[in-house]
Asks: 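One structure coming up, written as structure tokens, with questions to follow.
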Amino acid sequence: MEEPAAPTMSWINQEYFGRVLETYLHADVIVSRYELAEGCPGGQNFMSAIVRATVHYALASASAEPATVSLILKTKLQNAELADGADRLNVFGIEKSVYGPVMKAIRELLTSYGDCTVFAPRLIYEDEHALVLEDMAVKGYRQPDRKARLDQAHMNVVVRKLAKFHAATAVLGRKNRELFKTLENSTFASDQNPIHLFYANGIEQCIEQTIRIPTLNPYTDYLRSFLGVAIEREAKSYERDEHGFNVLNHGDMWLNNLLWKYDDQGVVNDVIMVDFQESFYGSLGFDLNHLLYTSANSALQRNGFDELVQQYTAQLRDALQHFKYDGPLPDGERVRAEMDAKRDHALIVTTCIIPPLIVEDTALATPENMLDDSPEAIQARQTVFSNPKFIEVLEILLPSLCQS
């Protein structure tokens, strides 16, 4: 099946890719042609457009053989209003900082201990138009069926990877706080952040479901009260205890932002993170809640996450010791306390992030349908949020989340 065509962008041409490859390869190149395709399905990204570029080139030397490289371009959305919102939130500045100096510092730290763990694609090139990243699909990384969410095997891999990432950034934060200076304050509370309306619309739709479904009736009043303070309380989830244990949070740690690698038998053996546009320096409870509540499948959600939290904690402590962390090591009680302190965020992502994730018709879950007040958009939201699979999620998670 052919990939969907990418949107037309006037600045993309052979000369542009020539600059990209010369920066990447440190050599003169001649680009003969390129093809563009969407890098992810429509409706799955609120802050940027993802374009996959296949570039055919040769080094400028006379004897050079033709070659091909696949690149990922992160660019502005075609929707002008959403693109303007992303500009105000400085999402490209945040992501540039993470992919650039932060990932460089992480690689240097790990290399000094003989560790070659990879957390994210490499940044190849950046300018006012785009961030250009290596295409990890070439190395065998891909996404599984997102609607099924993640089973035990996938979650085992990702909680350990997240713990190691958190440990590395905790160590770096103690050594060089300036590294995270531009990531210390989240832009969530910024005026006219489109995600505010997305969350409000999502919670309103969930309230409708609690009214409609008898087993969810007990949670209607709680969600009604929460709706009025949701943005304020979510903003507090980003607040940092200066004397606490702080890490770099990915900030949007769910399965849409994870790419997986499998062995020859189809067993998952690695995962990397992408899309660091909402990263910030703060409590580990934010990322851990975001991952568990959005991305673990219903069977794991019914189990209460205990085993996964234990795995995360064990890996976090091991990595901190390995990287010579010079502060107190968080134990299971501390990790659970951090998660509980960010329970409002867990409720937000449960009620707002999961529905578009698991809907069968992904075309319904566009940013426009989640934000607009047109009859068509409202109808699309009603379809997305009344999905029986999502009702099951609410029945599993609301009893623990809707507590005073």
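By convention here, the first residue in the shown sequence is residue 1.
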Asks: Between Lys164 and Gln315, what is the shortest heavy-atom contact and its length?
Replies: N-CG, 4.2 Å

Asks: Provide the closest heavy-atom pair for Pro194 versus Leu371 in the form atom of the first, atom of the second, distance.
Replies: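 Pro194 and Leu371 have their closest heavy atoms at O-CD2, 3.4 Å.
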
Asks: Can you tell me how far CZ of Arg212 sits from CD of Glu208, rounded to the nearest 0.5 angstrom?
Replies: 9.5 Å

Asks: Looking at side-chain heavy atoms only, is the closest gap between Pro121 and Ile72 below 4.5 Å?
Replies: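 Side-chain contact under 4.5 Å: no.
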
Asks: OH of Tyr199 to CE of Met370: how many Å apart, nearest 0.5 Å?
Replies: 13.5 Å

Asks: Counting N and O atoms only, with roles assigned by atom type, does the side chain of Tyr312 sit under 3.5 Å from a partner on the main chain of Val158, one being a donor and the other an acceptor?
Replies: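 Not at all, since once roles are kept as given, no pair shorter than 3.5 Å links the two residues.
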
Asks: Indicate the ring-plane relationship of His129 and Tyr16, choosing parallel, tilted or perpendicular according to the 30° and 60° boundaries.
Replies: perpendicular

Asks: Going by distance alone, is a donor N or O of one side chain under 3.5 Å from an acceptor N or O of the other, for Gln277 and Asp275?
Replies: yes

Asks: Taking all atoms of both residues into account, what is the closest heavy-atom pair of Pro144 and Leu150, and its distance?
Replies: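 Nearest pair, atom of Pro144 first, then Leu150: CG-CD2, 4.3 Å.
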
Asks: Where do Arg52 and Asp135 land on the salt bridge (Lys or Arg N to Asp or Glu O under 4.0 Å) test, with the steps shown first?
Replies: CA-CA 8 Å; Arg52 173 173 281 108; Asp135 184 359; 2.8 Å; yes

Asks: Closest approach of Ala53 and Leu73, non-hydrogen atoms and distance?
Replies: CB-CD1, 4.0 Å

Asks: Return the CD1 to CG distance between Ile272 and Leu258, rounded to the nearest 0.5 Å.
Replies: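 If we round to the nearest 0.5 Å, Ile272:CD1 and Leu258:CG are 9.0 Å apart.
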
Asks: Could you tell me if the side chain of Ile396 sits less than 4.5 Å from the side chain of Ser298, heavy atoms only?
Replies: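 They are in contact (side-chain heavy atoms under 4.5 Å apart), so the answer is yes.
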
Asks: Apply the ring-ring contact (aromatic ring centres under 6.0 Å, His included) test between Phe276 and each candidate in Phe119, Phe92, Tyr99; give the one that qualifies.
Replies: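 Between Phe276 and the candidates, ring-ring contact (aromatic ring centres under 6.0 Å, His included) is satisfied uniquely by Tyr99.
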
Asks: Pairing donors with acceptors under 3.5 angstrom, does anything connect the side chains of Asn257 and Asp252?
Replies: yes

Asks: Taking atom types as modelled, find out whether Arg160 and Gln311 have a side-chain donor-acceptor pair closer than 3.5 angstrom.
Replies: yes

Asks: Check for a donor-acceptor pair, side chain of Asn387 on one end and backbone N or O of Lys389 on the other, with a separation under 3.5 Å.
Replies: yes

Asks: Taking the six-membered ring of Tyr24, is the NZ or CZ of Arg19 close enough (under 6.0 Å from the centre) and on axis enough (within 45°)?
Replies: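 So Arg19 doesn't make the cation-pi contact.
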
Asks: Check the side chains of Thr117 and Asp115 for a donor-acceptor pair under 3.5 angstrom, ignoring hydrogens and angles.
Replies: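 Present: a donor and an acceptor within the cut-off.
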
Asks: Under a 3.5 Å distance rule, please check whether Ser112 uses its side chain to pair with a backbone N or O of Leu109 as donor and acceptor.
Replies: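 It does hold such a pair.
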
Asks: Answer yes or no: is there a side-chain heavy-atom contact under 4.5 Å between Asn289 and Met253?
Replies: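 No, their side chains stay 4.5 Å or more apart.
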
Asks: Nearest 0.5 Å, please: how far is CD1 in Ile106 from CZ in Phe323?
Replies: 9.5 Å

Asks: Please test Asn156 against Gln152 for side-chain hydrogen bond (donor to acceptor under 3.5 Å, both in side chains), starting from the C-alpha separation and ending with a verdict.
Replies: CA-CA 6 Å; Asn156 290 347; Gln152 185 79 54; 2.8 Å; yes

Asks: Can you tell if the side chain of Phe180 reaches within under 4.5 Å of the side chain of Leu248, non-hydrogen atoms only?
Replies: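 SC-SC contact between Phe180 and Leu248 confirmed.
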
Asks: Less than 4.0 Å between a side-chain N and a carboxylate O, is that true for Asp270 and Lys261?
Replies: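 Between Asp270 and Lys261 there is no salt bridge, as every charged N stays at least 4.0 Å from the carboxylate O atoms.
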
Asks: With a 3.5 Å distance limit and no angle check, can you tell me whether Thr187 reaches the backbone of Ser190 through a side-chain donor-acceptor pair?
Replies: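 Side chain of Thr187 to backbone of Ser190: no pair is present.
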
Asks: Taking atom types as modelled, is there a side-chain donor on His290 or Asp287 under 3.5 Å from an acceptor on the other?
Replies: no

Asks: For the CG atom of Asp344 and the CG atom of Asp340, what is their distance to the nearest 0.5 Å?
Replies: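 If I round to the nearest 0.5 Å, the distance is 9.5 Å.
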
Asks: Look up atom CD in Gln209 and atom CD1 in Ile391, then write down how far apart they are to the nearest 0.5 Å.
Replies: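 If I round to the nearest 0.5 Å, the distance is 4.5 Å.
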
Asks: What I'd like to find out is whether the side chain of Leu320 reaches to under 4.5 Å of the side chain of Val171, using heavy atoms alone.
Replies: yes

Asks: Does Thr351 use its side chain to pair, donor to acceptor, with the backbone of Leu347 at less than 3.5 Å?
Replies: yes

Asks: So, Asn185 and Tyr281: side-chain donor and acceptor under 3.5 Å apart, yes or no?
Replies: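 Asn185 vs Tyr281: no donor-acceptor pair found between side chains.
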
Asks: Could you check whether any side-chain N or O of Thr169 sits under 3.5 Å from a backbone N or O of His166, counting only pairs where one atom can act as donor and the other as acceptor?
Replies: yes

Asks: Any donor-acceptor pair under 3.5 Å linking the side chain of Asn217 with the backbone of Thr210?
Replies: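 Yes, because the side chain of Asn217 sits within donor-acceptor range (under 3.5 Å) of the backbone of Thr210.
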
Asks: Are side-chain N/O atoms of Glu35 and His56 paired as donor and acceptor at under 3.5 Å?
Replies: yes

Asks: I'd like to know whether CZ of Arg122 has more than 12 heavy-atom contacts from other residues, nucleotides or ligands below 6.0 angstrom.
Replies: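 12 or below, so no.
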
Asks: Is there a side-chain contact between Ile358 and Phe390 in this structure, where contact means two heavy atoms from C-beta onward sitting under 4.5 Å apart?
Replies: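 Yes. Closest side-chain heavy atoms under 4.5 Å.
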
Asks: Using only atom types and a distance under 3.5 Å, with no angle test, would you say the side chain of Arg146 pairs donor to acceptor with the backbone of Leu255?
Replies: no

Asks: Relative to the ring of Phe188, is the ring of Tyr238 parallel (under 30°), tilted (30 to 60°) or perpendicular (over 60°)?
Replies: parallel

Asks: Main chain of Arg317, side chain of His322: is a donor-acceptor contact present, judged purely on distance under 3.5 Å?
Replies: no

Asks: Once you measure the plane-to-plane angle for Phe286 and Phe280, does it fall in the parallel (<30°), tilted (30-60°) or perpendicular (>60°) bin?
Replies: perpendicular

Asks: Do Leu71 and Val69 have side-chain heavy atoms sitting under 4.5 Å apart?
Replies: yes

Asks: Could you check if a side-chain atom of Leu259 sits within less than 4.5 angstrom of a side-chain atom of Val274, using non-hydrogen atoms only?
Replies: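 The answer is yes; the side chains approach within 4.5 Å.
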
Asks: For Leu300 and Leu308, work out which heavy atoms get closest and say how close.
Replies: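 In this case the closest contact between Leu300 and Leu308 is CD1-CD1, 4.4 Å.
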
Asks: Answer yes if the ring centres of Tyr141 and Trp260 are under 6.0 angstrom apart, and no otherwise.
Replies: no

Asks: Assess whether salt bridge (Lys or Arg N to Asp or Glu O under 4.0 Å) is satisfied between Lys74 and Glu126, documenting all intermediate values.
Replies: CA-CA 10 Å; Lys74 298 200 69 172; Glu126 59 86 15; over 6 Å; no

Asks: Please report the C-alpha distance between Lys104 and Glu108 in whole Å, then the side-chain angles of each, then the deciding distance to 0.1 Å, and finally whether the salt bridge (Lys or Arg N to Asp or Glu O under 4.0 Å) criterion is met.
Replies: CA-CA 6 Å; Lys104 180 176 183 291; Glu108 290 173 348; 2.6 Å; yes

Asks: Is there a donor-acceptor pair closer than 3.5 Å between any side-chain N or O of Arg149 and the backbone N or O of Ala296?
Replies: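 Indeed, once roles are kept as given, a pair shorter than 3.5 Å links the two residues.
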
Asks: Just checking Gln403: does its CD atom have more than 12 heavy atoms from other residues, nucleotides or ligands closer to it than 6.0 angstrom?
Replies: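 Yes, CD of Gln403 has more than 12 neighbouring heavy atoms, counting only those of other groups under 6.0 Å.
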
Asks: For residues Gln310 and Asp306, is any side-chain donor paired with an opposing acceptor at under 3.5 Å?
Replies: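 Checked: Gln310/Asp306 side chains show no N/O donor-acceptor pair below 3.5 Å.
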
Asks: Test Phe17 against Tyr57 for ring-ring contact (aromatic ring centres under 6.0 Å, His included), laying out the working first.
Replies: CA-CA 9 Å; Phe17 285 118; Tyr57 72 97; over 10 Å; no

Asks: Taking atom types as modelled, is there a side-chain donor on Glu338 or Ser283 under 3.5 Å from an acceptor on the other?
Replies: yes

Asks: Is any side-chain N of the basic residue among Glu392 and Arg302 closer than 4.0 Å to the acidic one's carboxylate O?
Replies: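 Result for this pair is yes, salt bridge flagged.
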
Asks: Is it the case that over 12 heavy atoms from other parts of the model lie below 6.0 angstrom from the CD atom of Glu242?
Replies: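 Above 12, so yes.
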
Asks: Determine whether more than 12 heavy atoms belonging to other residues, nucleotides or ligands lie under 6.0 Å from atom NZ of Lys96.
Replies: no

Asks: Where do Tyr34 and Ile12 come nearest, in terms of heavy atoms and distance?
Replies: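 Looking at all heavy atoms of both residues, the closest pair is OH-O, 3.2 Å.
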
Asks: Determine, for Glu204 against Arg381, whether the closest basic-nitrogen to carboxylate-oxygen distance falls under 4.0 angstrom.
Replies: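 No, Glu204 and Arg381 are not salt-bridged.
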
